[in-house]
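Residue numbers start from 1 in every chain, and the chains themselves are labelled A, B, ... in the order their sequence lines are given, proteins ahead of strands.
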2 protein chains.
Amino acid sequence: MSTAKGNPPSPDPAAVEEMARDATAWCAMHGLVVGDRAEQRSGTVPGVGLVHAPISLLPARLPESFWSQACELAPIFNELVDRVSLDGDFLQDSLSKTRQVDDFTSRLLEIHRKMMDINKEENIRLGLHRSDYMLDSETNSLLQIEMNTISVSFPGLCSLVTKLHRVLINQYGNLLCLDSKRIPENVASQQFAEALSRAWDEFNVDSAVVMMIVQPEERNMYDQYWIVKYLKESHGVTTIRKTLSEVEAESQVLPDGTLVVDGRTVAVVYFRAGYTPNDYPSEAEWSARLLMEQSSAVKCPSISYHLVGTKKIQQELAKPNVLERFLENKEEIAKLRQCFAGLWSLDDEEIVKSAIETPDLFVLKPQREGGGWFFNKNICVLFFSLLVDMLFIYREQHIRS
Amino acid sequence: MSTAKGNPPSPDPAAVEEMARDATAWCAMHGLVVGDRAEQRSGTVPGVGLVHAPISLLPARLPESFWSQACELAPIFNELVDRVSLDGDFLQDSLSKTRQVDDFTSRLLEIHRKMMDINKEENIRLGLHRSDYMLDSETNSLLQIEMNTISVSFPGLCSLVTKLHRVLINQYGNLLCLDSKRIPENVASQQFAEALSRAWDEFNVDSAVVMMIVQPEERNMYDQYWIVKYLKESHGVTTIRKTLSEVEAESQVLPDGTLVVDGRTVAVVYFRAGYTPNDYPSEAEWSARLLMEQSSAVKCPSISYHLVGTKKIQQELAKPNVLERFLENKEEIAKLRQCFAGLWSLDDEEIVKSAIETPDLFVLKPQREGGGWFFNKNICVLFFSLLVDMLFIYREQHIRS
């Protein structure tokens with residue numbers, strides 16, 4: 001699978017061009033598509049303004065040991081999220097400082113507090129998470145960047161990317177000295193649908209639906225529709241799509257806690273929106289969020305799961321002895337710690353100084369989901385313009401420590 | 001499947017809108033797409049400027065007896081095309097008048113004549129045809145509009161349309177009182193690929209490819225790519241795409257007749273271009289067409305098959321005693337005749353007069369493929385502006401005769 005240097009040989013430019021044409025045609029034929037910003041209606045009307053999703057022609061190289069490590073870590077992280085979510089005081093305390101500077105987190109905490117006040121229990125808990133890693137070449141180790149607990153994107157499309165890579169490597173593998181059998185299976189879209197259907201099963205109302213909370217404009221809608229498709233075809237479960245403001249206008253919670261939207265009982269609320277302040281332009285959206293949280297519908301995620309996904313909690317969990325509060329198995333705790341990159345808030349003056357001196361060693365992340373990254377020199381610029389607390393992930397902790 | 005009036009009930013507008021959204025999302029996810037004219041590159045670059053193909057939400061109603069009739073007619077028509085193609089003199093004679101007024105047909109006939117002069121034999125003959133019918137409500141009969149013998153469009157997409165209709169009727173069937181099991185199977189894309197691979201097998205050169213002749217801009221390219229996909233995946237046959245001018249620049253015929261394009265031996269030339277004068281902007285394209293015809297590659301279609309598809313030949317075949325020249329089985333001949341609509345050329349003064357008086361009863365068709373239709377009052381207007389010979393298909397021959 002590899003040459004002397006460990007990298008595949010570079011094919012000639014004509015072959016690459018042919019490969020790219022094959023790849024983009026394949027995308028168009030297999031629904032590996034997104035809405036094109038150039039077409040105004042592409043975010044609201046399905047089937048118009050389509051363009052192939054951004055893809056790499058070949059999969060990234062990842063040593064098998066890291067792949068196995070990440071697979072092993074996934075259920076431990078999921079268990080951790082669940083345990084932390086059940087500790088309301090920990091969430092409130094850890095985020096108490098953040099709420100002072102971040103109105104969005106403050107509003108989430110407010111809903112969370114209300115649920116604590118009424119002793120709201122979530123007996124059916126569903127998380128669909130994605131853990132993002134980087135390979136640190138200096139330490140040759142797998143480091144976690146972040147754990148996403150709400151509105152995880154691309155399960156629908158990434159399964160297709162894997163298929164595409166198989167097709168391309170089968171066709172051009174000889175040129176590239178690659179073997180398609182080395183690409184791990186990826187059935188994330190079916191697994192997401194299966195997880196949602198399991199929660200729907202537990203809810204146990206035959207006529208109930210899964211309600212996907214979506215943004216009014218969504219160019220990644222096909223990623224979502226793939227899950228809708230598998231939910232219907234493999235599990236017979238119907239999905240409805242609603243924006244937060246539609247939920248506000250069309251829903252009620254019955255005295256027994258049942259969430260009814262537009263006349264339909266909702267078994268599972270699946271958030272593909274609601275993770276960013278932009279999704280709450282008015283009080284109506286916050287009102288919808290609270291209403292859903294108060295209902296007996298399964299929330300994916302619940303307000304608690306949502307809060308566990310904040311960087312601040314990630315930072316807290318990385319502190320000494322905190323993991324021990326939630327997990328018993330020492331071996332599992334050690335495995336988690338091994339993949340923690342260093343995290344610091346802007347409170348730490350020493351770190352800020354160090355980051356300004358050596359920005360290449362840091363990345364700057366916003367507190368919330370969907371906020372992107374800032375690398376290198378951008379960090380210096382941003383230091384002086386940002387007011388909210390942000391976190392560092394230090395890339396070379398092992399070398400320095 | 002039907003209500004008292006024989007038509008399904010009309011669902012409410014909200015359900016239709018939901019159905020349309022489901023349908024267009026399905027199109028985007030399953031490659032039922034075409035290039036959007038609004039995006040300039042959509043005719044040349046795969047994967048950009050996509051839009052769902054134009055579709056009907058529900059299949060057209062067709063009584064089962066007509067479906068069976070059409071299925072029964074198909075192999076007889078195919079046999080007829082083959083028999084006629086072998087009668088070079090018939091083709092030349094029948095089209096002798098057309099060549100005087102139609103330069104395009106004249107050029108095709110010229111190539112055909114050259115092949116007759118060298119006694120060129122096509123031992124492997126491949127036709128991929130589509131027979132178009134209309135249901136005549138007055139006579140309650142199935143009438144053939146035309147038989148296409150070159151560059152038949154939509155085998156790739158129509159199989160998907162059938163799947164879409166099944167999905168929609170499964171989902172909304174109760175509303176519509178329709179049953180998806182009543183939709184006949186449609187595997188045209190796989191069948192086209194199978195037919196091409198059969199010709200490739202007969203050619204019997206393992207390293208040879210299928211060459212698809214395409215227009216420089218083609219917004220229906222995904223229809224074509226579906227066949228390419230099945231050729232590769234189900235039969236291991238590689239397809240290359242070339243325009244006529246690329247063929248002219250990159251090909252040669254070896255002394256033994258082998259067609260070599262860009263270094264690759266071509267087993268089958270599959271025309272998805274070359275059916276309209278627009279495809280021959282210069283002598284280069286005609287030169288390419290002649291070169292391919294002279295080679296030993298299987299042509300789909302050969303120049304003879306192409307000519308059999310002209311309306312003039314269709315008109316000749318509809319004359320008394322002409323079918324008998326090509327077919328022996330009297331029952332089959334009767335079946336063909338039964339579906340012939342009346343065809344007349346503009347030579348016939350009586351018919352022209354009648355058509356001007358009752359344009360609703362006629363359609364006007366150009367001699368060539370891809371020319372579209374002219375209905376009703378357009379006929380009157382066109383009478384006075386058209387110079388080339390065109391043909392009528394009379395819709396109510398049975399009533400009048």
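Counting heavy-atom pairs closer than 4.5 Å to chain B, the top-ranked of the candidates A:E39, A:K232, A:K229 is A:K229. Of all the listed residues (A:W226, A:Y222, A:W26), the one sharing the greatest number of non-hydrogen pairs under 4.5 Å with chain B is A:W226.
Among the residues in residues 42-56 of chain B, those with a non-hydrogen atom closer than 4.5 angstrom to a non-hydrogen atom of chain A are B:T44, B:P46, B:G47, B:V48, B:G49, B:L50, B:V51, B:H52.
Applying the 6.0 Å contact sphere to CZ of A:R166 captures more than 12 heavy atoms from other residues, nucleotides or ligands. Heavy-atom contacts from other residues, nucleotides or ligands closer than 6.0 Å to CD of A:Q252 number more than 12.
Taking 4.5 Å as the limit, every side-chain heavy atom of A:S251 sits out of range of all side-chain heavy atoms of A:E246. Two residues are said to be in side-chain contact when any heavy atoms from C-beta on lie closer than 4.5 Å; A:D201 and A:H235 fail this criterion.
Looking at A:N148 and A:Y275, their side chains never bring a donor and an acceptor atom within 3.5 Å of each other.
The side-chain contact (heavy atoms from CB on, under 4.5 Å) test with B:I169 is passed by exactly one of B:L164, B:L178, B:L57: B:L178.
No donor-acceptor distance shorter than 3.5 angstrom exists from the side chain of B:T162 to the backbone of B:E185, with no hydrogens or angles considered.
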